[in-house]
Amino acid sequence: MTDLTKFIAGLPKAELHVHHVGSASPRIVAELAARHEGTSPVPADPAALATYFEFRDFAHFIEIYLSVVDLIRDAEDVRLLTYEIGRELSRQQVRYAELTVTPYSSVKRGIPAPAFCEAIEDARTGARRDFGVDLAWCFDIPGEAGLPAAEETLRVALEERPDGLISFGLGGPEIGVPRPQFKPHFDRARAAGLHSVPHAGETTGPETIWDAIRELGAERIGHGIAAAQDESLMAYLAEHQIPLEVCPTSNLRTRAVTDLAEHPIAKLVAAGVPVSVNSDDPPMFGTTLEQEYAVAADLLGLDRAGVTELARGAVRHSFLSASGKAALLAEIDAYAAG
Ligand SMILES: O=c1[nH]cnc2c1ncn2[C@@H]1O[C@H](CO)[C@@H](O)[C@H]1O
């Protein structure tokens, strides 16, 4: 383990772009697959999952992702999965994470919204108590399910309003899922005090990011790597300090980029675009947040001060309270000075 890797391992962190079901560890996925033996294509053997999580392209990734979503069949599955995510985050010194949760996918599979929200809130309480990790929720629309999913996601957000809910997002494929159709839903979510953080520019071009800004009022962009194709967009993101939640290994494994050496994060940073580094769906991509910091350090030529600044930036870009930000920034600074 290099000195920088050791430094990253102990560095207090915030994670802003990590998906609920996408964070299910091979052990949890295998346990759920065994519970539902014979009714799912997902292997019940953790070792076989590595092969199962190899993706031909983004559409194939979504297909595999949804096969794991099918394993989440009751509130206890939801609670177990969410609590264990807290354990894994604490192992990486993550103090705060904004977890992207897709209530529509579970409600559609028969888990009532109140039970779903109670389960994630139980896990949130447990993660804070047992692991010292503060979880917050982003409720996202699974874009491939269109307007019915948008309506239901907004209804659950506004009617259930779990304590940890802080933002409203849009995930799933971008191709064939134009962002403007969701303007009414984002308008109502923002009017209710939720932050707007849609995915855009992951698998489509800069125009999707412009739509996310102009139509959905995006305060941050999920991925947004296509901004590197549009100088005026990068200048706009830099001027208005609209951060990109960049997930380098995700982009490689879903084939959004062909080679890490070609990843546009360095171009984005050079243009002054604020970025954070995130793991997205860590077990599915064979990565961790720690590893993403190491990948970013490599791509950006960062030393200890550089990765410390990455961690500070994620805290600044987060929707933590001012006091929460101050406390975590102070902890990061104390660690870096040690
Ligand atoms: O990298 C990603 N991009 C877009 N959507 C993603 C990603 N990772 C996980 N999801 C999830 O895929 C589901 C599709 O129904 C959504 O729940 C979205 O949150």
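T102 and D140 share a donor-acceptor pair across their side chains, judged by distance under 3.5 Å alone. Using a 3.5 Å distance cut-off with no hydrogens or angles, the side chains of Q181 and R179 do not pair a donor with an acceptor. Looking at E98 and W137, their side chains never bring a donor and an acceptor atom within 3.5 Å of each other. Using modelled atom types, one finds no donor on one side chain facing an acceptor on the other under 3.5 Å when comparing E245 with H223. Residues S279 and E15 have side chains that bring a donor and an acceptor to within less than 3.5 angstrom of each other. Counted by atom type alone, E292 and T249 present one or more donor-acceptor pairs between their side chains at under 3.5 Å. Counting only N and O atoms by type, the side chains of Y293 and T5 include no donor and acceptor under 3.5 Å apart.
Between the CZ atom in R87 and the CD atom in E84 there is a gap of 4.0 Å [rounded to 0.5 Å]. Here CD of E118 is found 10.0 Å from CD of E160. Values are rounded to the nearest 0.5 Å. Taking CG of L252 as the start and OG1 of T258 as the end, the distance is 8.5 Å to the nearest 0.5 Å. Atom CD1 of I209 and atom CG of L244 lie 6.5 Å apart (nearest 0.5 Å). To the nearest 0.5 Å, atom CG of residue L328 and atom OG of residue S318 are 7.5 Å apart. To the nearest 0.5 angstrom, E215 atom CD is 11.0 Å from I213 atom CD1.
In terms of heavy atoms, A238 sits closest to G272 at CB-O, 3.3 Å. Across all non-hydrogen atoms, the minimal contact from I166 to A136 is CG1-CB, 3.7 Å. The shortest non-hydrogen separation linking A33 to P43 is CB-O, 3.7 Å. Across all non-hydrogen atoms, the minimal contact from E174 to G201 is OE1-N, 3.1 Å. Looking at every heavy atom in both residues, A113 comes nearest to V156 through CB-CG2, 3.9 Å. Here the closest heavy-atom approach between residue T153 and residue P142 is recorded as OG1-CD, 4.2 Å.
A heavy-atom distance below 4.5 Å is not found between the side chains of I111 and V107. Using a 4.5 Å heavy-atom cutoff, the side chains of Y96 and K13 are not in contact. Counting only heavy atoms from C-beta outward, the side chains of V42 and L49 approach each other to under 4.5 Å. A heavy-atom distance below 4.5 Å is not found between the side chains of F186 and L154. At least one side-chain heavy atom of R304 sits under 4.5 Å from a side-chain heavy atom of L4. A 4.5 Å side-chain heavy-atom check between L216 and D211 finds every atom pair outside the cut-off. No side-chain heavy atom of I141 sits under 4.5 Å from any side-chain heavy atom of E152. Side-chain contact between V18 and T100 is absent, with no heavy atoms from C-beta onward closer than 4.5 Å.
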Let me see the working for M284 and E54 under side-chain contact (heavy atoms from CB on, under 4.5 Å), right down to the final yes or no.
CA-CA 8 Å; M284 291 186 178; E54 286 175 1; over 6 Å; no

Under the side-chain contact (heavy atoms from CB on, under 4.5 Å) rule, what do E88 and I85 come out as? Steps first, then yes or no, please.
CA-CA 5 Å; E88 171 54 18; I85 290 168; 5.8 Å; no

Apply the test side chain to side chain donor-acceptor pair (under 3.5 Å) to residues T82 and H20: give CA-CA distance (whole Å), side-chain angles for both, the deciding distance (0.1 Å), then the verdict.
CA-CA 7 Å; T82 316; H20 190 213; 2.7 Å; yes

Between L135 and L89, is a side-chain contact (heavy atoms from CB on, under 4.5 Å) present by the stated rule, with each step listed?
CA-CA 10 Å; L135 295 177; L89 289 169; 3.8 Å; yes

Trace of the side-chain contact (heavy atoms from CB on, under 4.5 Å) decision for V277 with I265
CA-CA 10 Å; V277 166; I265 188 171; 4.1 Å; yes

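A donor-acceptor pair under 3.5 Å is absent between the side-chain atoms of T208 and the main chain of T204, judged by distance alone. Judged purely by atom type and a 3.5 angstrom limit, S106 has no side-chain atom pairing as donor or acceptor with the backbone of P103. Using modelled atom types, one side-chain atom of R73 and one backbone atom of D70 make a donor-acceptor pair closer than 3.5 Å. At distances below 3.5 Å, at least one donor-acceptor pair connects side-chain atoms of D230 with backbone N or O atoms of L233. Proximity of a side-chain donor or acceptor of K325 to a complementary backbone N or O of R316 within less than 3.5 Å is detected. Here the side chain of R253 pairs a donor or acceptor atom with the backbone of F53 at under 3.5 angstrom. Formation of a donor-acceptor pair under 3.5 Å by the K267 side chain with backbone atoms of A228 is found in this model. Without hydrogens or angle criteria, N278 side chain to H17 main chain gives a donor-acceptor distance under 3.5 Å. The backbone N or O of F55 lies less than 3.5 Å from a partner atom in the side chain of R255, making a donor-acceptor pair. Counting only distance, with no hydrogens or angles, the side chain of R129 and the backbone of A127 share no donor-acceptor pair below 3.5 Å.
A single hydrophobic cluster is seen to contain both Y335 and L289, as judged by linkage of ILVMFWY side chains at heavy-atom distances under 4.5 Å, directly or through other members. Residues I221 and I175 do not share a hydrophobic cluster, clusters being chains of Ile/Leu/Val/Met/Phe/Trp/Tyr side chains in contact below 4.5 Å. One hydrophobic cluster, built from ILVMFWY side chains closer than 4.5 Å, holds both V101 and F319.
Under the side-chain contact (heavy atoms from CB on, under 4.5 Å) criterion, Q229 pairs with P206, A226, not counting sequence neighbours. For S25, the side-chain contact (heavy atoms from CB on, under 4.5 Å) criterion is met by R27, I28, not counting sequence neighbours.
The existence of a salt bridge linking D77 and R35 is confirmed by a sub-4.0 Å separation between a basic side-chain nitrogen and an acidic carboxylate oxygen. Contact check on D122 versus R79 returns no salt bridge, with no Lys/Arg side-chain nitrogen under 4.0 Å from an Asp/Glu carboxylate oxygen.
Ring pair F285/F61 is tilted by interplanar angle, where 30° to 60° counts as tilted. In this pair, H199 and H19 present their aromatic rings tilted. The plane angle is within the 30 to 60° band. Using a 30° and 60° split on the angle between ring planes, Y83 and F131 fall in the tilted class, from 30° to 60°.
Taking the six-membered ring for Trp and the full ring otherwise, the centers of F139 and Y104 sit at least 6.0 Å from each other.
Within 6.0 Å of CZ on R91 lie more than 12 heavy atoms contributed by other residues, nucleotides or ligands.
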